[in-house]
Q: 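Supplied in structure tokens, the structure appears directly below.
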Amino acid sequence: MRISRLLIANRGEVVARIARTARRLGIRTVGVYSEPDADSPALHGVDLAVPLDGVTSTETYLSIDALLGAAERTGADAVHPGFGFHAENPDFARAVIAAGLTWVGPHPDHIAAMGDKIAAKRIAADAGLPVLPTVAVGDGRIGVDIAADVSFPLLVKAAAGGGGKGMRRVDDAAGLEAAVETARGEALRSFGDDTVYLERLVSPARHVEVQVVGDGSGGAIHLFERECSIQRRNQKVVEEAPSALLDDARRKRMCDAAARLAAEIGYAGAGTVEFVADPDGEFFIEMNTRLQVEHPVTEEITGIDIVELQLDVACGRGIAVDQDDVAIDGHAIEVRLYAEDPALGWTPAVGTLHTYRRGTGPARYEDAVASGIEVTPHYDPMLGKVIAKAPDRATAAELLAAELDELRIHGPATNRNTLAATLRHPVFLAGDTTTSFFDDHPEVLDADVDPATLRSHLAAVLWARQARHRAADGLWGAAPSGWRNVPSQPQQLRLGRRATTHELSYQVDGSSLTADGLGDRIAARVVAHEDPWVMVELDGVARRVEISCAADMTWANSTMGQSAWRELSPFPAHDPTLAAGGPAAPVPGTVVGLLVSAGDVVEPGDPLVLIEAMKMEHRIAAPARARVTSVRVAVGDQVDTGDLLVELEEVD
Amino acid sequence: MGLQVLPTRLDTRSDEHRQGRAAMIESLERVRAEHAKLPTIGGERYIQRHRDRGKLLIRERIELLIDPDTPFLELSPLAGWGTDVALGASVVTGIGIVEGVECVIYGPDLTVKGGTLNGIGLEKGLRAQDISRINRLPLIQLTESGGADLPRQAEVFVRGGTFFKNLTQLSAAGIPVLCLVFGSSTAGGAYMPGMSDYVVMVKGQAQVFLGGPPLVKMAIDEDADPEELGGAEMHSRVSGVSDYLAVDDVDAIRLGREIVAGLNWTKLGQTPTWPPDPPVHDPDELLGVIPDDLRIPFDMREVIARIVDGSRFHEFKPGYGTQLVCGWASVWGYPIGILANNGILFSEESHKGSQFIQLCNQKATPILFLQNITGFMVGTRYEQGGIIKDGAKLINAVSNSKVPHVTIMIGASYGAGNYGMAGKAYDPRFVFTWPSHRIAVMGAKQLAGVLEIVARSSAASKGVEVDEEELTARTTAFEATIEHQSQALFATGHLWDDGIIDPRDTRTVVGMSLSAAANAPLETAAGYGVFRM
């Protein structure tokens, strides 16, 4: 059997990833897109794309009818679910198969079995894998290996869970009942199933997972392990292969066990057997029945295209690779680039992505964003992944960090500095990565470009800005920047960067720029300026900085990092009515209504006073959000034009 | 551009150049030292008091008002030098770009005698208004003043009326007049907003009334509250004297900028059409162009070569009347004609200059005058040759020429040469001075010598013997006085120019002047007085 046209039922970078392999194998591809994703660069890689009506995931990428309709419309004969969305939904897999299409994934029963974490543990235990003591709580079902005396700390987890939802840490018996109740509520809301279980907490823990591929008829290989310990909100952020934790013996033990599990259940396609590990041992926690986000690091060290293996197995061609031919070559690290602010509790960031430009180093990118797109709040805020491979781990880490420094991402906040700081952190470099890395090293959350780079960036920003102003001056553009025949004061400017407002002053003299307001005085010389590049010489070192602008934002990029600067107007906005103290009577008349009293806080448009004049009722409304400080009139008063009616003061 | 690039013969390593440069730098440093005093001329105590009231200093207001990174050309900055009036005469004037429009900006310095007006400050303000009128530049007044400096009221009262007349005449001429009122502006000062097209008042600070509470009490026995009588809120809501109410200084400047942005301003003069590339020869060498001794002649082409675009100059009549260099060039792309002195004016030079001025009017080209003139030639031969008639031709041509004139007084400016070369009295659009400049009826030494001759012949006619000792003392003292009054600082202190500039800034200042002048429609001479033949 051969697949000729593959529907990729997903969005974002995974679409581009799967389409790339499909193209290489001579398979046409079909993409789908929701309304906000109509301009997604992921669709550039597919041959056909089908619009899905709606905005939310439920309306679009999770709508089985819409997806099958798209396959029918385009004549697709196979469906790849990607990861996330329906990748681990047995109902979708069954619907695909029922529609007569090839399902690129494991058997629906395997998806269902592994989807129940309690059941999965039992299967793993049956296959001889070590599992953690677990106690099921919920609708009467019983977990494996009931430990009469659970020990603390432990985790409460949702049986149907994933992505950290419904997961609670409990440190002592007193907190257990409440944690179980909370977790059950959350599990019910998220997964429609309130079954939870208690599991011994391994801490500090390492997350090690083994990539397996089964042929569906009892054959299976492993592609070695990945370590994905560095997580935020229980989501992986930095992933690598191989794991720095394992020695060869332990690696062989774990990988063989994982392959054995896949073989024993007759697993078909790619899957991941996840372990929680500490120096003493490792325990099976779950099996993911899909392609993993972090699969590229495995591909990098093994040279194997996992998507190709998935397609082979789906077509019944079996696995073209012998276990003996799979070897580890070098070390690969992947980071997930998110539009989010780590320093603000990882809050997702949205907005226009003015510029997105990859670095120029030897890195692999799995992304599907491009300059000009909108980052919306509708879906996962991941922009893409960057993967670096090198002969050794330290080199891979530095290659990847340098790539992150060079990336141009102009628009929403991202975690790039946190990622780069993590990759350069001595603890990370020592291989001591645990799931609590960000808790233990919070300084990386607000990681910034280094001060010397920042100073050169500011010098370049100021230089480019004044040059832009001078070039735009159609009157005296030939005069020197900020020329004065009588000394007055330096140019003043307020720039906001991250949470700080910098009150800056600067002066330009020929090719020299002096600036105050960011640490020590900056005394720079501009060696060359050819838009967008400014070559700045500062403290005896020259750096080449690229300057980009959009509206009030200016970004400075160099291979050493990126900084974003917001120009703040020297003229704060004031509402003219509030500036005048409050609204005045527009005409002479009688006050017939008084709708506020002193102390009220009013919103823009709120009616304040009604005045009747010439049989017309004039409604006097609040011009802006304000507090009523006093009411100057009463119902029945005669007022004249210009009489102040209500005194208002600005409130934030 | 087909114009030839001027060669240079300047030997920057010669003793003459080095001495000239050293002398120029010394003069320049004196001027700079005076300029440096200006921003804090009011003294720390008054500056602090002003700041404590939440107010900006006048130069801070101007800095905020003009577009970022644009130049500002302060006018008559050293007015009052050598007089009993504070340096700058307690007012700041200049030209700056506001929302892409060249504007004249005027504002009293509150830290100097409460911003009260003296005679020199008044003349400085009137000159700013002149510049606004002749160049058609919107006028922005940053108003806050204690009114007249009362002990000096005689200097300002009658003449001061001109200021208000000018405001309405500017308005009538289609030149917008803005008034941002930051503080008190009472009595006569009330007419500054009163006569303006657009008025902004700062809440809680601006107070504008004809008579303050004490005067009202005296006149009509009314107990008036100052805010009710003339506060910004009252004027914005009740009297209509104010068009916009500002929350504070910064907000007033924001409103001023918005008003200018809405003027829909278009320049009506010429546009720069020639290549505006910088001079080939280094303007820094201008510091050493002039020999230390003004009596040693120098070639003004060396100056031209460091001012004009690409150092390109097309010389007119190069072989005739060689003491006056005439020709065409451009600055910042604005085509100009140049008249530059290379020596005394003889009849030929006068003829050449008169013809050249007429040609500039014929082709509507502004004129740059570069002065280094000790006067018209004297002596029997020249009087008989009609040097008066010929000088009159040049003055006639200059007086009736209508194209913009910009004058730079570089070396000497003596006698009628000052007139023929568009001195201050001949209404150049702008006139600036180099620090080395000397201006007088004639050189101090010559003037003292003349005085001595006159004294001796007077004594002789009376048959009295000359008291040599007394005469020497008198002549020496006189020469010193003249020398003092001839220097550039004295001249600028008395508003005989629009300011002293660094020679290296000449191109910048000329460019700004030509650009400002191009706001007004380019007129050409309608006719001349009878040329005496």
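Worth knowing before you read on, the calculation uses all heavy atoms, side chains too, and leaves out hydrogens, waters and symmetry mates.
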Q: Specify the closest pair of heavy atoms between A/Val486 and B/Pro77, including all atoms of both residues, with the distance to one decimal.
A: CG2-CB, 3.5 Å
Q: A/Ala584, A/Ala478, A/Pro572: which one forms the most heavy-atom pairs within less than 4.5 Å of chain B?
A: A/Ala478
Q: Under a 4.5 Å heavy-atom cutoff, which of B/Leu38, B/Leu73, B/Ile500 has the most pairs with chain A?
A: B/Leu73
Q: Under a 4.5 Å cutoff for heavy-atom pairs, which residue among B/Lys267, B/Met512, B/Arg254 has the most contacts with chain A?
A: B/Met512
Q: Go through the atoms of B/Pro68 and report whether side chain, backbone, both or neither lie under 4.5 Å from a heavy atom of chain A.
A: both
Q: Counting heavy atoms not belonging to A/Arg498, are there more than 12 under 6.0 Å from its CZ?
A: yes
Q: For B/Val250 and A/Phe571, which heavy atoms make the closest approach, and how far apart are they?
A: O-CD2, 3.4 Å
Q: Which answer fits A/His574, side chain, backbone, both or neither, if we ask what part of it has an atom under 4.5 Å from a heavy atom of chain B?
A: both
Q: Can you tell which part of B/Ile253 gets under 4.5 Å to a heavy atom of chain A, answering side chain, backbone, both or neither?
A: both
Q: So which part of B/Leu514 gets closer than 4.5 Å to some heavy atom of chain A, the side chain, the backbone, both or neither?
A: neither
Q: Would you mind telling me which of B/Glu63, B/Arg32, B/Glu60, B/His35 has the largest number of heavy-atom pairs within less than 4.5 Å of chain A?
A: B/Glu63
Q: Is it the backbone or the side chain of A/Arg484 that comes under 4.5 Å from a heavy atom of chain B, or both, or neither?
A: both
Q: Counting only non-hydrogen atoms closer than 4.5 Å, does A/Gln489 touch chain B with its backbone (N, CA, C, O), its side chain (CB onward), both, or neither?
A: both
Q: Relative to chain A, which segment of B/Glu233 carries a heavy atom at a distance below 4.5 Å: side chain, backbone, both, or neither?
A: side chain
Q: For residues B/Pro71 and A/Ala479, report the shortest heavy-atom separation together with the two atoms involved.
A: CG-CB, 3.5 Å
Q: What are the two closest heavy atoms between A/Gly582 and B/Arg237, and how far apart are they?
A: O-NH1, 4.0 Å
Q: I'd like to know which of B/Asp248, B/Ile62, B/Leu245 tops the heavy-atom pair count under 4.5 Å against chain A.
A: B/Leu245
Q: Under a 4.0 Å threshold between the charged nitrogen and the carboxylate oxygen, would B/Asp69 count as salt-bridged to A/Arg465?
A: yes
Q: Rounded to the nearest 0.5 Å, how far apart are CD1 of B/Ile97 and CG of A/Asp473?
A: 4.0 Å
Q: Does B/Arg30, at its CZ atom, have more than 12 non-hydrogen atoms belonging to other residues, nucleotides or ligands within less than 6.0 Å?
A: no
Q: To the nearest 0.5 Å, tell me how far B/Thr70 OG1 sits from A/Gln491 CD.
A: 7.0 Å
Q: Check whether A/Leu493 gets within reach of chain B through its side chain, its backbone, both or neither, counting any heavy atom under 4.5 Å.
A: neither
Q: Among the options B/Glu34, B/Arg507, B/Arg257, B/Lys203, pick out the one with the most heavy-atom pairs lying under 4.5 Å from chain A.
A: B/Lys203
Q: So which part of B/Ser236 gets closer than 4.5 Å to some heavy atom of chain A, the side chain, the backbone, both or neither?
A: neither
Q: Got a sec, which residues hit side chain to side chain donor-acceptor pair (under 3.5 Å) with A/Glu537, two or more places apart in sequence or on another chain?
A: A/Arg525
Q: With chain A, which of B/Asp502, B/Leu64, B/Leu255 has the greatest number of heavy-atom pairs at distances under 4.5 Å?
A: B/Leu64
Q: Test A/Trp483 against B/Val509 for side-chain contact (heavy atoms from CB on, under 4.5 Å), laying out the working first.
A: CA-CA 10 Å; A/Trp483 180 89; B/Val509 170; 3.7 Å; yes
